[in-house]
Amino acid sequence: MEKFVVHGPCRLHGTVNISGAKNAAVAILPATLLVNGKCHLENVPDISDIRAYLEILKSLGSKITYISKNEMIIDNTNIGSAIASYDLTSKFRASYYLLGSLLGRFDNVQISLPGGCNLGARPIDQHIKVLEKLGAEVKVMHGNVYAKRANKLKGVPIFLDVVSVGATINAILACTLADGITIIENVAKEPHVVDVANFLNSMGAKIKGAGTDVLKITGVESLKQNSSYMVIPDQIEAGTFMVAAVVTRGDVIINNCIPKHMEPITAKLIEAGATVVEDGSTIHVSMDKRPLPITVKTMPYPGFPTDMQPQMCILQVLASGSSMIVENIWESRFQYTDELSKMGANISAHGNTAVINGIDKLYGSPVTSHDLRAGAAMIIAGLVAEGYTDVYSIEHILRGYENIADKFNNLGANIQYIKEGN
Ligand code: EPZ
């Protein structure tokens with residue numbers, strides 16, 4: 001069993017470099033399948049979700065040549081199959097992008113129903129709706145999703161019922177090589193959605209409107225090979241370090257981030273009393289007092305990201321008064337609050353709302369990472385707690401954060417990685 005032992009309390013200071021965005025990279029890797037040739041990718045995060053995705057690509061016939069752990073050439077000339085292994089695709093959510101990308105090149109596609117973090121119901125009805133509107137036949141049976149098309153997919157007007165990152169990206173992937181023009185309304189505007197569109201446009205796709213509510217995609221015959229693309233920095237990793245800097249009353253420079261993407265998080269930190277100064281691709285975050293209470297309501301971008309909700313909760317736990325969280329994206333994202341209660345936090349969560357009565361200290365305790373971002377929150381809680389915090393189920397954290405313990409330790413934390421016997 002693996003765990004992190006976080007020795008607290010500490011004050012973070014120094015500089016941290018942010019890695020490439022997980023949620024952009026897990027979409028760009030399947031997007032490479034639309035190219036009958038090679039793509040060169042840089043700033044790909046070295047995390048377990050990416051390693052798992054590369055295994056899926058290899059199982060389909062991709063050849064991966066590493067230039068470094070974050071840079072690679074993916075050659076998709078010899079993709080022989082669009083039947084992805086159940087074992088490989090059932091482990092994580094982003095395997096659903098294989099539906100849109102493989103349908104661009106193949107008539108029959110099969111993946112497992114996507115897995116991923118347990119955040120409550122995670123339907124894929126909007127993904128299926130998009131593919132069916134474009135002319136595919138989609139069936140969900142025996143834990144698998146089967147998609148087939150008799151002819152090339154054909155562009156039509158589409159209106160998404162909910163603002164969905166995954167369905168928007170799947171639509172972009174499916175429409176890139178389709179016949180004609182697709183107009184999609186009510187789409188997601190997250191930075192990773194824009195990054196996927198930029199990647200495909202850099203190879204000759206015709207995707208307009210990424211970052212707005214309406215996308216216009218004009219299908220092209222094929223994409224150019226031998227392109228080179230650098231994945232954007234991870235908004236959520238940067239936000240995680242920003243919150244950690246504030247709650248430890250630290251002084252941290254966040255390097256290699258895009259301050260514009262951080263605005264919903266920056267605004268809340270300033271409201272809580274932190275000093276946040278942007279300069280080019282860096283953000284300097286410092287704090288010298290107890291945070292003020294704040295209310296957080298999660299929303300699609302440019303609203304406050306749900307993937308920062310558990311980390312921001314640590315700030316609210318330590319605030320000088322009562323705070324509130326309203327979770328508007330996922331139905332079950334408060335499981336981690338029971339773990340924080342073990343450390344002394346005073347949180348009452350019901351339905352999609354949590355009320356947090358601020359306290360001035362947390363105490364180390366064994367805690368579990370219920371999902372990726374909850375795990376990051378457990379580490380942040382451990383950094384401020386008196387004593388040591390054993391963080392279990394860290395495989396969730398390692399799915400999405402590159403070298404997280406080393407990065408915190410370089411800022412003055414004391415986090416040990418321990419692998420216990422069977
Ligand atoms: C993406 O998930 C992210 N994952 C999640 O990050 C993130 O929490 C989420 O977007 C919201 O920002 C990846 O990018 C790989 P959605 P996704 O489709 O695409 C409903 C992390 O920690 N919905 O935008 O699966 C859904 O139930 C992960 O990095 C439908 O009803 O999320 C939810 O309420 C966890 N039908 C809302 O839309 C559908 O077909 C938004 O979900 C699809 C979604």
Side-chain angles (χ1 to χ4, degrees), residues 20-35 39 41 44-62 64 72 74 76 79-132 134 136 138-149 164-174 176 188 190 192-193 195-196 199-200 231 307 330 371-373 395-396 398-400:
K22 170 182 88 87
N23 288 343
V26 294
I28 287 174
L29 291 184
T32 67
L33 289 164
L34 291 166
V35 186
C39 297
L41 295 179
V44 180
D46 182 27
I47 51 177
S48 66
D49 265 10
I50 291 297
R51 289 192 284 271
Y53 227 122
L54 289 168
E55 285 309 311
I56 295 177
L57 294 188
K58 281 198 249 174
S59 75
L60 297 171
S62 309
I64 318 285
M72 62 206 63
I74 301 179
N76 288 329
I79 299 297
S81 156
I83 312 292
S85 130
Y86 181 90
D87 282 353
L88 294 174
T89 51
S90 59
K91 292 197 181 94
F92 63 111
R93 186 80 186 154
S95 53
Y96 50 34
Y97 293 138
L98 293 166
L99 286 173
S101 60
L102 285 170
L103 269 184
R105 271 177 78 173
F106 291 88
D107 295 340
N108 284 288
V109 177
Q110 180 186 325
I111 65 164
S112 77
L113 269 176
C117 284
N118 178 13
L119 308 170
R122 297 189 72 177
I124 59 164
D125 57 298
Q126 297 303 301
H127 301 243
I128 294 173
K129 167 175 160 170
V130 165
L131 298 175
E132 287 180 341
L134 295 168
V138 185
K139 282 203 176 95
V140 180
M141 272 187 315
H142 316 303
N144 286 315
V145 186
Y146 302 86
K148 70 174 180 184
R149 60 173 170 90
S164 157
V165 169
T168 302
I169 293 179
N170 240 337
I172 291 174
L173 296 170
T176 293
E190 267 68 3
H192 30 290
V193 174
D195 208 36
V196 177
F199 167 65
L200 291 167
V231 176
D307 292 342
W330 298 118
D371 62 65
L372 166 59
R373 309 304 172 185
E395 65 281 1
H396 291 297
L398 302 178
R399 285 183 39 213

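Just the heavy atoms: all of them, side chains too, but no hydrogens, waters or symmetry mates, feed the values below.
The side-chain contact (heavy atoms from CB on, under 4.5 Å) search around Ala31 returns Leu173, Phe199, Leu200, not counting sequence neighbours. A search for side chain to side chain donor-acceptor pair (under 3.5 Å) contacts involving Glu395 returns nothing, not counting sequence neighbours. For the side-chain contact (heavy atoms from CB on, under 4.5 Å) test, residues two or more places apart in sequence or in another chain that qualify with Gln110 are Ile83, Asn144, Tyr146. Annotation: side chain to side chain donor-acceptor pair (under 3.5 Å) contacts of Lys148 (sequence neighbours excluded): none. Residues satisfying the salt bridge (Lys or Arg N to Asp or Glu O under 4.0 Å) criterion with Asp107, sequence neighbours excluded, are Arg149. Taking the side chain to side chain donor-acceptor pair (under 3.5 Å) definition, one finds that Asp49 meets it with Arg399, sequence neighbours left out. With sequence neighbours excluded, the residues satisfying side-chain contact (heavy atoms from CB on, under 4.5 Å) with Ala82 are Leu102, Phe106, Val109. Residues forming a side chain to side chain donor-acceptor pair (under 3.5 Å) with Asp195 (at least two apart in sequence, or on another chain): Tyr229. Judged as a salt bridge (Lys or Arg N to Asp or Glu O under 4.0 Å), and not counting sequence neighbours, the contacts of Lys139 are Glu137. Judged as a side-chain contact (heavy atoms from CB on, under 4.5 Å), and not counting sequence neighbours, the contacts of Ile124 are Arg93, Tyr96, Leu113, Pro114, His127, Ile128, Val145. Residues satisfying the salt bridge (Lys or Arg N to Asp or Glu O under 4.0 Å) criterion with Arg51, sequence neighbours excluded, are Asp46.
Counting heavy atoms from C-beta on, the side chains of Asn23 and Asp307 come closer than 4.5 Å. Looking at heavy atoms from C-beta onward, Leu103 lies out of side-chain contact with Leu134 at the 4.5 angstrom threshold.
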Q: Under the side chain to side chain contact (heavy atoms under 4.5 Å, CB included) rule, what do Ile79 and Arg105 come out as? Steps first, then yes or no, please.
A: CA-CA 9 Å; Ile79 299 297; Arg105 271 177 78 173; 3.9 Å; yes

Q | Derivation and outcome, side chain to side chain contact (heavy atoms under 4.5 Å, CB included), residues Leu60 and Leu98 | A | CA-CA 11 Å; Leu60 297 171; Leu98 293 166; 4.2 Å; yes

(Q) One pair to check against side chain to side chain contact (heavy atoms under 4.5 Å, CB included): Val44 and Tyr53. What are the steps and the verdict? (A) CA-CA 12 Å; Val44 180; Tyr53 227 122; over 6 Å; no

Q.
For a side chain to side chain contact (heavy atoms under 4.5 Å, CB included) check, start with the C-alpha distance between Val130 and Asn170, then their side-chain angles and the critical distance, and finish with the verdict.
A. CA-CA 8 Å; Val130 165; Asn170 240 337; 5.9 Å; no

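Scanning all heavy atoms of the two residues, the minimum distance from Ala188 to Thr168 falls at N-OG1, 3.0 Å. What you find for Ser95 and Thr89 is that their closest heavy atoms are OG-O, 2.8 Å. For the pair Pro45 and Ala25, the tightest heavy-atom approach, listed with the atom from each and the gap, is CD-CB, 3.7 Å. When all heavy atoms of Val196 and Ala27 are compared, the pair lying nearest together is CG2-CB, 3.5 Å.
Remark: Ile74 CD1 to Leu41 CG distance equals 4.5 Å, nearest 0.5 Å. Taken from CD in Glu55 to CG in Asp87, the straight-line distance is 12.5 Å, to the nearest 0.5 Å. His396 contributes atom NE2, which lies 10.5 Å from atom OG of Ser48 (distance to the nearest 0.5 angstrom). With rounding to the nearest 0.5 angstrom, the CG atom of Leu29 is 7.5 Å from the CD1 atom of Ile64.
Judged by distance alone, with hydrogens and angles left aside, the side-chain atoms of Ser101 form no donor-acceptor pair with the main-chain N or O of Leu34 at under 3.5 Å. Remark: side-chain polar atoms of Thr32 are not paired, donor with acceptor, to backbone N or O of Cys39 under 3.5 angstrom.
For Glu132 and Lys129, the salt-bridge test fails: no basic side-chain N is under 4.0 Å from an acidic carboxylate O.
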